[in-house]
Amino acid sequence: MTATVLFVTGTGTEVGKTAVTAAVAALAPSVAVLKPGQTGVTATEPGDAEEVARLAGPHVTIRELARYPEPLAPDTAARRSGLPTLRPQQVADAVAELASVHRLVLVEGAGGLLVRYDADGHTLADQALATAALGLRVQVLLVASAGLGTLNTTALTAEALRTRGLDTLGVVIGSWPADPDLATRCNLTDLPRAAGAPLLGALPHGAPHSPDFPTLAKSFLAPPLGGTWDAAAFTAAHPA
Ligand SMILES: Nc1ncnc2c1ncn2[C@@H]1O[C@H](COP(=O)(O)OP(=O)(O)OP(=O)(O)O)[C@@H](O)[C@H]1O
Ligand SMILES: [Mg+2]
């Protein structure tokens with residue numbers, strides 16, 4: 001089985017990476033979701049991987065490699081808790097194991113792209129490169145916030161990905177507001193330019209509370225992610 005591996009990063013924390021990961025997973029018949037480093041939850045609380053399973057459904061295999069209680073970057077949280085950090089190779093090996101039995105493996109980072117996972121400064125990008133070095137097909141999905149400020153953080157992230165030789169499949173807006181302002185509407189045109197990659201979806205605000213999340217996911221993710229969303233039509237419906 002030739003698996004696709006998608007590393008899901010964001011323009012920052014709380015932009016909707018987990019929600020978008022769940023939406024992609026909901027539409028994929030054979031899928032595993034890995035959250036390498038989960039911070040900000042205790043041993044008994046549900047983490048992002050459990051949230052994905054709740055939203056996407058029981059067909060999703062979920063894995064987490066390390067968990068740190070404080071809501072900090074993984075390296076900082078590890079240092080303060082005395083727990084071991086995660087090396088890129090550990091993540092790559094876990095992805096390879098999941099990729100041997102699933103067609104799609106989604107890996108959700110913590111915060112934005114250059115958040116550190118260990119004292120040497122390794123990031124989600126290094127985990128993606130270590131995974132690619134195993135011969136797996138690796139791409140990045142960039143989750144962006146919708147409004148003013150997102151063009152800069154999107155461009156910075158895209159540049160960091162390009163510099164490292166990582167391929168961006170596309171951009172998804174994590175939370176599209178019910179009443180988008182001018183900047184938000186303009187971003188439909190400018191976000192794919194800033195990212196150098198196509199816009200592949202826009203999850204409506206409130207999506208994680210939808211009673212039928214998989215159906216919503218299908219309507220708001222583009223065909224490369226298994227849905228029916230049409231970026232051009234959506235942009236035309238929200239003129240600036
Ligand atoms: N489309 C949306 N509409 C409304 N709320 C949303 C949407 N997407 C996400 N949220 C909410 O915003 C918060 C952050 O979303 P989410 O957990 O997906 O972000 P994240 O980027 O994964 O954050 P983290 O960096 O902590 O992993 C959550 O409370 C989530 O329920
Ligand atoms: Mg998350």
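Index from 1, following the sequence. Every value quoted in this text rests on a predicted model; they were computed, and no experiment measured them. Atoms within each ligand, like the ligands themselves, are counted from 1 in listed order.
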Next on the checklist: Counting non-hydrogen protein atoms only, what is the nearest one to atom 4 (C) of ligand 1? Give residue, atom name and distance.
Outcome noted: Gly206 N, 2.8 Å

Item to check | the Mg ion (ligand 2) to Glu108: nearest N/O/S atom name | outcome: OE2

Item to check | Side chain proximity check, Thr123 to Val115, heavy atoms < 4.5 angstrom | outcome: no

Next on the checklist: Distance alone, cut at 3.5 Å: any donor-acceptor contact between the side chains of Ser175 and His205?
Outcome noted: yes

Checklist entry - Applying a 4.0 Å heavy-atom criterion (strictly less than), which segment of His209 is in contact with ligand 1: side chain, backbone, both, or neither? => result neither

Checklist entry - Would you say Glu108 touches ligand 1, if touching means a heavy atom closer than 4.0 Å? => result yes

Item to check | Nitrogen or oxygen atoms of Thr18 and ligand 1 under 3.5 Å apart | outcome: yes

Checklist entry - So is Pro204 in contact with ligand 1, going by heavy-atom distances below 4.0 Å? => result yes

Item to check | Any protein heavy atom nearer than 4.0 Å to atom 25 (O) of ligand 1 | outcome: yes

Checklist entry - Between Ala110 and ligand 1, does any nitrogen or oxygen pair lie at a separation below 3.5 Å? => result no

Checklist entry - Taking C-beta and beyond as the side chain, do Val91 and Leu34 meet within less than 4.5 Å on heavy atoms? => result yes

Checklist entry - Do Asp181 and Thr184 get their side chains close enough for a donor-acceptor pair, meaning under 3.5 Å? => result yes

Checklist entry - Are there more than 12 heavy atoms of other residues, nucleotides or ligands under 6.0 Å from atom CG of Leu148? => result no

Checklist entry - With a 4.0 Å heavy-atom cut-off (strictly under), which part of Asp48 contacts ligand 1: side chain, backbone, both or neither? => result side chain

Item to check | Close side-chain approach of Thr131 and Phe7, heavy atoms under 4.5 Å | outcome: yes

Checklist outcome for this item: atom 29 (O) of ligand 1 sits nearest the protein heavy atom Glu14 OE1, 4.7 Å

Checklist entry - So which heavy atom in the protein is nearest atom 20 (P) of ligand 1, and how far is it from that ligand atom? => result Lys17 N, 3.4 Å

Item to check | Plane angle bin for Trp229 and Phe234 - parallel if under 30°, tilted between 30 and 60°, otherwise perpendicular | outcome: tilted

Next on the checklist: Show the atoms of ligand 1 that are less than 4.0 angstrom away from any heavy atom in Ala207.
Outcome noted: 1 (N), 2 (C), 3 (N)

Next on the checklist: Taking the side chain as everything from C-beta on, heavy atoms only, tell me whether Asp48 gets closer than 4.5 Å to Gln38.
Outcome noted: yes

Checklist entry - Does a side-chain heavy-atom distance below 4.5 Å link Val172 with Leu225? => result yes

Checklist entry - Closer than 2.8 Å to the Mg ion (ligand 2), do we get an N, O or S atom from Asp48, backbone or side chain? => result yes

Checklist entry - Roughly how far, to the nearest 0.5 Å, is CG of Leu104 from CG of Leu27? => result 10.5 Å

Checklist entry - Considering Ala178, Gly16, Ser175, which one's heavy-atom position lies nearest to atom 2 (C) of ligand 1? => result Ser175

Checklist entry - Asp167 versus Gln139: any side-chain heavy-atom pair under 4.5 Å? => result yes

Checklist entry - Do we see a donor-acceptor contact under 3.5 Å between the side chains of Glu108 and Thr18? => result yes

Next on the checklist: Taking 4.0 Å as the limit for heavy-atom contacts, which would you say applies to Lys35 with ligand 1: side chain only, backbone only, both, or neither?
Outcome noted: side chain

Checklist entry - Any idea which atoms of ligand 1 are less than 4.0 Å away from a heavy-atom of Gly111? => result 25 (O)

Item to check | Verify atom 12 (O) of ligand 1: protein non-hydrogen atom under 4.0 angstrom away | outcome: no

Next on the checklist: Suppose we only count N/O/S atoms under 2.8 Å; would Thr18 qualify as near the Mg ion (ligand 2)?
Outcome noted: yes

Checklist entry - Which option, Gly12, Gly112, Pro208, owns the non-hydrogen atom nearest atom 6 (C) of ligand 1? => result Pro208

